[in-house]
Every structure is written in C-alpha cells, then in structure tokens.
Protein chains: 2
Amino acid sequence: MTTSKTPKPATRATIREVALDAGVSVAAVSKVLRDAYGVSDTLRAKVRSSMDKLNYRPLASARGMRGRTYTIGLIFPDLRNPFFGDVFAGVNSALERTQYQAMQGISVSVEALTEAMIDRQMDGIILVGPNEPRATLLDIASRIPIVAIGHHDDPGSTPFDIVNNDDQLGARLVVRHLIGNGFRNVAMLSLNNQPSTVIQQREIGYRMEMVEQGCGEAINIVRASQVTRDVQISVRRLLESPDRPEAIFCWTDLMAFEAISVATEMGLSIPDDVAIVGYDNTMFCDFAQNRLTSVDQSGELLGLQATRLLIERIEGRSESEQFVVMPRVVVRASSKRRQVPD
Amino acid sequence: MTTSKTPKPATRATIREVALDAGVSVAAVSKVLRDAYGVSDTLRAKVRSSMDKLNYRPLASARGMRGRTYTIGLIFPDLRNPFFGDVFAGVNSALERTQYQAMQGISVSVEALTEAMIDRQMDGIILVGPNEPRATLLDIASRIPIVAIGHHDDPGSTPFDIVNNDDQLGARLVVRHLIGNGFRNVAMLSLNNQPSTVIQQREIGYRMEMVEQGCGEAINIVRASQVTRDVQISVRRLLESPDRPEAIFCWTDLMAFEAISVATEMGLSIPDDVAIVGYDNTMFCDFAQNRLTSVDQSGELLGLQATRLLIERIEGRSESEQFVVMPRVVVRASSKRRQVPD
DNA sequence: TGTTCTACGTGTAGCGTTCTACATTTTCGC
DNA sequence: GCGAAAATGTAGAACGCTACACGTAGAACA
C-alpha cells in the first residue's frame with residue numbers, strides 16, 4: 001500500500017512538477033527556463049507545453065537564492081517631480097519582452113532604500129539624480145550593479161554606468177535663448193544643500209554662457225530647498241528686489257511652476273514682467289496656464305538607455321559606459337520675445 | 001594540518017556566521033530575528049551585538065523561501081496623477097519602524113504586475129483605484145492578501161480590506177458648494193471605458209445631489225479617456241456648446257488642470273465664465289495659475305490606513321474590514337461666488 | 001573499426017532562512 | 001526535596017530553484 005500523493009495541490013506549480021509532467025529532469029526544465037545551452041527543440045517544446053498546462057511561473061525568491069531575481073530597482077530623489085513618469089515609460093519599454101520587472105522603491109532615505117533593495121536581491125539598481133557623495137555611490141556599486149541617471153563624472157572613472165543629458169549645454173541653451181529674446185538680466189533658481197553634480201553642471205553652464213554673452217555682471221544664482229514654502233520665499237524676494245531679473249531660469253519644472261505661481265500672485269505678467277524657463281519639459285508645461293518654456297532631456301530615452309545598460313551589466317559587461325543625450329529648448333509663451341517699450 | 005577558513009569572506013554575513021560569532025545556534029538567531037518566543041534577555045543581547053558587529057541583514061529571498069519577505073507591493077493605475085505621492089507618504093509613515101518595505105510596481109498592465117508581484121513573494125499588495133472586474137480582484141485576493149484603496153463594494157462582501165473616501169458624498173459636496181455659489185448648470189467630466197466603482201459613486205453622487213438641489217434637468221456627464229488629447233476635445237466641445245455649463249466638476253485634479261488649460265486657451269475666465277472643481281486636492285491646486293477648488297480625500301491617511309490593514313492581514317486577521325474617510329471641499333478661486341450680472 | 005567530439009540530458013549539492021520536534025535546564029508547588 | 005511544568009535552547013528538514021559535474025549516444029574523423 002503506497003501513500004498516494006495529493007492530486008491537486010491547489011498551490012502553485014513548482015519546477016519539479018513541471019519536470020514530472022513533461023517526463024524530463026528538473027535540470028532540463030531549468031535549462032529551458034534560462035534558455036541555457038544543451039536543449040533540443042523537442043525537449044524544449046515538451047517542457048514549454050507542460051509549463052503552460054500547469055500554469056507554471058518561476059518563483060523569484062528561489063531563483064534569488066542561486067542567481068538572479070529578474071528584478072531591478074528604481075530610486076528617485078523626489079517623488080513629486082512629474083519628470084519621473086517619463087523615465088518610467090522608458091524603463092518599461094526597455095523591459096518589454098524580457099523576464100525583468102522594475103520596482104520603484106518607496107522610502108524616506110535613499111541609503112536605507114538601497115540597502116533594502118540589496119537585501120531583496122535586486123539584480124541591479126537605477127539611481128536617478130543621486131545626491132549621495134561619490135564614495136557612497138562607489139560603495140553601493142561594489143555590491144550591486146547600478147547605473148546612475150543624472151550624475152556627472154569623468155568617463156571611465158566610475159565602476160558604474162552613467163546616463164546623462166548634457167546639463168551644462170542645457171543651461172547654456174536656455175541662457176542663449178533668453179538673451180536672444182531680449183532678456184539680459186537672467187537669474188537662476190537653484191537648489192541648496194544638495195551636492196548634486198547635475199545642479200553643479202547647470203550652474204556652470206549658466207555662468208559660462210552669461211559671461212560669453214556679455215551679461216556676466218547679471219549673474220545671480222538663488223538657492224532654495226525643495227520645500228514649497230522655501231521656494232516661494234526665494235522667488236518673492238527675487239521679484240521684489242530693486243533690480244528685478246528680467247528672466248528666471250529654474251532648475252526644474254516643478255520650481256518653475258512655483259515661480260509662475262508667485263509671479264502671478266504678485267500681479268506680474270509672464271513674460272513681459274518676467275520670463276520663466278524650466279527644465280524637464282514635463283506634461284504640465286503644455287497647459288495654457290503655464291505655457292512654460294523648458295528644456296527637454298527626454299526622460300523616456302534616459303530611462304530606456306539606463307535600463308539597457310543595466311541589463312548588459314547584469315549579464316556580464318565589465319567596462320563602464322556613458323550615454324549622453326542632447327537637450328533641446330522647447331519654446332513656449334513664458335519666454336516669448338520681449339516687447340521692449342520703445 | 002587543518003584547512004583554514006577564509007577569515008574575511010568579503011561577502012555579506014549570514015545567519016550562520018552570526019550564530020557562530022555569538023556562540024549560539026542558528027535557530028536561536030532566527031528566533032531573535034523574528035521576536036519569537038523562548039529567548040532569554042542574555043541570549044538576545046548576545047545575538048544583537050553579533051548582528052551589529054557583523055553588519056548582518058537578513059536576506060529577503062531566503063526568508064521568502066520559508067515565509068515572509070517583508071515587502072509589500074503598491075499598484076497605481078495612472079502614474080501621472082500626482083495624487084499617488086500623497087498615498088506614498090502615508091504608506092511610508094505606516095511602515096516606519098517596521099521591517100516592511102514598500103515597492104511600487106512599474107508596468108503597462110496591472111494584471112501582469114500583480115502576477116509579477118506574486119512571483120516575487122510580496123507579502124501583500126495595495127491596489128489603488130483598481131479597474132479590474134470584481135472576479136479578478138477575488139482571484140487575486142485568493143492568492144495573496146490585498147487591500148484596495150478606492151473600490152466600492154458592500155462591507156463584508158469581499159475577502160479583502162477596503163479603504164475609501166466617501167466618493168458619493170465628495171461629489172455631493174461639490175455640487176452643493178457650486179450651487180450654493182450660484183452655479184446651477186453644473187456638468188461633470190468623467191472617465192470612459194473604465195468600469196471603476198469610484199467613478200460610479202461620484203457620478204451617482206453628482207446625479208442625486210443635482211436632483212435634490214432642483215437642477216436635475218442640467219445633469220450632463222461627459223466622458224473622456226485619460227489621454228490628454230481626448231480630454232481637451234471633450235472640454236472644448238463642452239465649452240463651445242450653446243448651453244455652456246456654468247461649472248465643470250472634473251473627476252480628478254489632472255483633468256481639471258486640463259480643463260483650466262482649455263478654458264484659458266479659449267479666452268474664458270475662471271470662475272466668471274466657467275467654474276472648475278477637481279478631486280484629490282493635489283499640491284498643484286494651490287498654485288496661483290490654477291487656484292483649483294478640489295475635494296481633499298487625504299491620500300496620506302488612505303495610504304496609512306491601507307498599510308495598517310494590510311499588515312494586520314498578513315499577520316493573521318481573517319475577517320475583512322473597511323475604512324472610510326470623509327472628503328471635504330477645499331475652496332479656492334476657481335469656484336468663487338458667481339458675480340451675477342444684474 | 002576504433003577514437004574523439006559534440007550535443008543533449010540528468011543527479012544533486014547547495015543557497016539562507018524558518019519552524020517543528022525535541023533535549024535540557026530552571027522554577028515552583030507541595 | 002521530588003516531580004511536573006515552564007522556560008530556554010538546539011538539530012535539521014524543508015522551501016524552489018541553479019549550475020556544476022557527469023553520463024550517454026551518435027556523428028565525424030582517421
């Protein structure tokens with residue numbers, strides 16, 4: 001008398017059951033799963049059909065114990081910025097038709113989040129606009145493949161891949177555009193307390209182009225924190241100052257919208273009293289109440305390339321790469337040519 | 001001659017190494033980790049100190065093989081909606097000081113995402129505004145604990161928990177507010193192709209309150225898809241129609257911003273030509289270029305409660321619960337009392 | 001006809017946890 | 001003091017996969 005096995009375990013199928021059903025070894029099923037070498041077409045077909053029949057799906061935890069989990073993590077510094085939606089889209093299209101899945105981490109601290117992702121055996125991490133010091137990034141990179149979107153460093157000097165838009169150029173283009181449209185006293189609204197290389201680059205670009213355009217004496221960088229209240233105060237102070245700038249270049253669309261808000265509140269008209277330009281070209285720029293000129297850094301492309309590079313890394317590449325996209329200014333009414341009162 | 005073990009494995013510490021270091025069994029360490037019964041204070045202290053010393057962190061995959069992964073998944077239907085940031089914040093504060101981590105899934109299809117999360121052994125899932133048919137939700141709930149934010153169903157009739165704002169009431173409050181401010185011809189801008197119970201409830205609330213306020217004959221529900229272009233066309237058609245509504249109640253802030261955009265483009269003034277009201281009370285409502293009256297459903301509270309309920313569920317509760325928050329109208333200029341031309 | 005390759009399959013040892021079953025020690029009522 | 005109960009600790013079998021190390025059978029070559 002043999003103990004009969006439960007016929008329908010009601011639980012999800014395992015690789016063993018698939019092997020049993022297909023009449024092959026567990027190892028063979030695993031090979032099919034991984035598209036590994038040494039499987040005949042017949043065997044593959046048999047296994048595939050059993051997998052379908054049993055509705056088999058590999059369990060990520062179990063895979064994680066031996067190798068990959070086919071999961072990559074995404075970390076953003078600021079969730080309120082609508083820009084990250086564009087990056088998402090790019091990540092998604094890169095992941096289509098692969099076994100990989102992306103997950104965005106949710107946490108207060110980026111450091112804690114990174115650890116949590118390592119604990120959870122992510123195969124790799126995409127860090128967007130990381131503010132962490134270089135040493136921290138290097139430490140993370142030594143433990144898990146990462147690619148940084150928006151982090152400037154010398155090509156080849158980092159053990160991780162980098163995907164950037166040319167932030168320095170982006171800032172220069174903005175200044176060139178504004179001055180070309182008759183705004184010479186251009187201030188820049190930047191971020192404080194964040195040693196981000198992206199901000200640095202944009203500030204450098206702004207400075208250099210102002211000088212090259214002969215407006216060096218008008219250089220004026222105001223820094224505020226991300227907090228709405230703080231931005232409002234800074235913008236108001238700027239707009240109330242005796243030599244009110246003719247234009248404000250904001251380091252992010254989000255800040256630009258806040259600038260528009262303050263200007264509107266003060267009864268100023270845009271762009272006649274003050275022009276405003278943002279960065280990211282998010283969907284809100286198009287709205288008629290904003291009509292915000294902004295720099296397009298094609299978040300979607302950034303996300304796509306970052307994902308591609310990350311997967312290459314996970315699958316073995318060892319030399320680091322950089323990918324740079326060219327920014328372009330998308331002109332809208334907020335920086336329309338100045339009507340100089342003759 | 002004994003083979004000497006590598007002294008510094010350079011790899012992360014495992015539970016075995018902690019046990020070795022603390023001079024106790026692996027089982028004991030596991031107990032400490034899980035706060036399980038049967039550990040003396042002395043042992044606990046020893047183990048804790050070894051864990052600190054070795055910088056030990058449990059590996060989620062390995063835990064997943066036996067029990068929990070201490071990870072919960074978040075699924076949103078529309079990533080562009082800034083509302084979800086509020087929910088995030090709530091989830092985070094509920095997770096503070098727990099071992100759990102939240103991850104937001106990124107994918108085109110909610111169904112695929114759910115499967116991916118089950119594959120990855122999430123302990124539970126929070127579904128925000130799910131559009132899936134009831135049967136699908138029941139199927140998912142039979143395989144993994146879920147709580148739905150924004151899904152209306154009879155209390156006790158679902159095997160999963162529900163956290164809602166009273167959408168019917170929210171809509172009623174909007175109508176009441178608008179009519180109280182002199183707008184009688186109130187149209188509603190809703191969503192098509194999405195059998196969401198949230199939308200249903202808001203439509204019902206709108207209808208009922210319109211009737212009760214004696215404006216039944218003005219009821220007018222226009223439905224558009226989420227696509228920007230589609231919304232614009234619908235709003236434009238509405239505003240160009242011979243009996244242009246005096247106010248538009250938009251089912252989401254996002255749509256309301258688009259409505260403001262179209263109205264602005266057409267040269268209409270808000271609220272004198274048309275009042276506009278949104279739903280969600282997202283941060284953009286405050287901006288002077290929007291000044292959007294909106295319904296606050298406190299996304300943060302929703303996220304907090306959903307997380308609390310989900311963890312309770314994961315840890316054993318079996319009867320389902322519902323939690324309802326009361327919506328309230330936050331009045332801004334976009335619905336200011338009508339200046340009736342006498 | 002033997003010998004060497006190559007292609008295809010299989011057996012099985014872990015991976016790092018959890019948790020049941022059990023062993024040992026301490027406490028306590030009488 | 002004695003036996004029972006409570007408290008504390010341990011051993012070791014899973015969990016579902018991957019991938020290394022082999023075995024085997026034809027094909028190709030001499």
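Residue numbering restarts at 1 for every chain, and letters A, B, ... go by the order of the sequence lines.
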Which nucleotide in C:dG16, C:dG11, D:dA11 has an atom nearest any side-chain atom of B:Ala27: D:dA11

Any side-chain N or O of B:Ser30 below 4.0 angstrom from OP1/OP2 of C:dT18? yes

Given atom CZ of A:Arg68 and atom C1' of D:dA19, what is their separation to the nearest angstrom? 13 Å

Assess whether one donor atom and one acceptor atom, taken from the side chain of A:Arg66 and the base of D:dT18, lie less than 3.5 Å apart. yes

Using the closest heavy atom to pick a nucleotide of DNA chain D for each, name whichever of B:Val24 or A:Leu33 lands nearer the 5' end. B:Val24

Going by heavy atoms in the side chains, are A:Ile15 and A:Tyr56 under 4.5 Å from each other? yes

Which nucleotide wins on minimum distance to the side chain of A:Ser25, given the candidates D:dT18, C:dT10, C:dG16? C:dT10

Can you tell me how far C1' of D:dC17 sits from CZ of A:Arg57, to the nearest Å? 16 Å

Length of the line joining A:Leu59:CG and C:dT17:P, which is rounded to integer Å: 17 Å

Checking contacts here: which listed nucleotide (D:dT10, C:dC15, C:dG11) is nearest the side-chain heavy atoms of B:Lys31? D:dT10

Quickly work out the A:Arg63 CZ to D:dA19 C1' distance and round it to whole Å. 13 Å

Indicate, with a heavy-atom threshold strictly under 4.0 Å, whether A:Ser40 touches base, sugar-phosphate, or nothing. sugar-phosphate

Considering only side-chain heavy atoms of B:Arg34, which listed nucleotide, D:dA11, D:dC17, C:dT18, is closest? C:dT18

So B:Ile15, base contact, sugar-phosphate only, or nothing? Heavy-atom distance under 4.0 Å. base

5'-most by nearest nucleotide on DNA chain C - A:Gly23 or A:Tyr37: A:Tyr37

Nearest heavy atom decides the nucleotide; on that basis, is A:Arg16 or B:Asp41 closer to the 5' end of DNA chain D? B:Asp41

Would you call B:Arg143 and B:Glu115 a salt bridge, using N to O less than 4.0 angstrom? yes

Roughly how many Å is it from CE in B:Met51 to C1' in C:dG16, rounded to a whole number? 15 Å

For A:Arg16, does the CZ atom sit with more than 12 other heavy atoms under 6.0 Å from it, leaving out its own atoms? no

B:Asp35 CG to C:dC19 C1': how many Å, rounded? 16 Å

Give B:Thr14 one of three labels, base, sugar-phosphate or nothing, depending on what nucleic acid heavy atoms sit under 4.0 Å from its own. sugar-phosphate

Students often mix this up, so state it plainly: with edges at 30° and 60°, are the rings of A:Phe76 and A:Phe88 parallel, tilted or perpendicular? perpendicular

Interatomic distance, B:Leu20 CG vs D:dT10 C1' [rounded to whole Å]: 15 Å

Between B:Glu315 and B:Arg68, is there a side-chain N and carboxylate O pair less than 4.0 Å apart? yes

Just to be sure I understand the rule, does A:Val26 reach a base, reach only the sugar-phosphate, or reach nothing, if contact means heavy atoms closer than 4.0 Å? base

Please report the distance, rounded to the nearest Å, between CZ in A:Arg12 and C1' in D:dC17. 12 Å

Return the OG1 to CD distance between A:Thr14 and A:Glu17, rounded to the nearest 0.5 Å. 4.0 Å

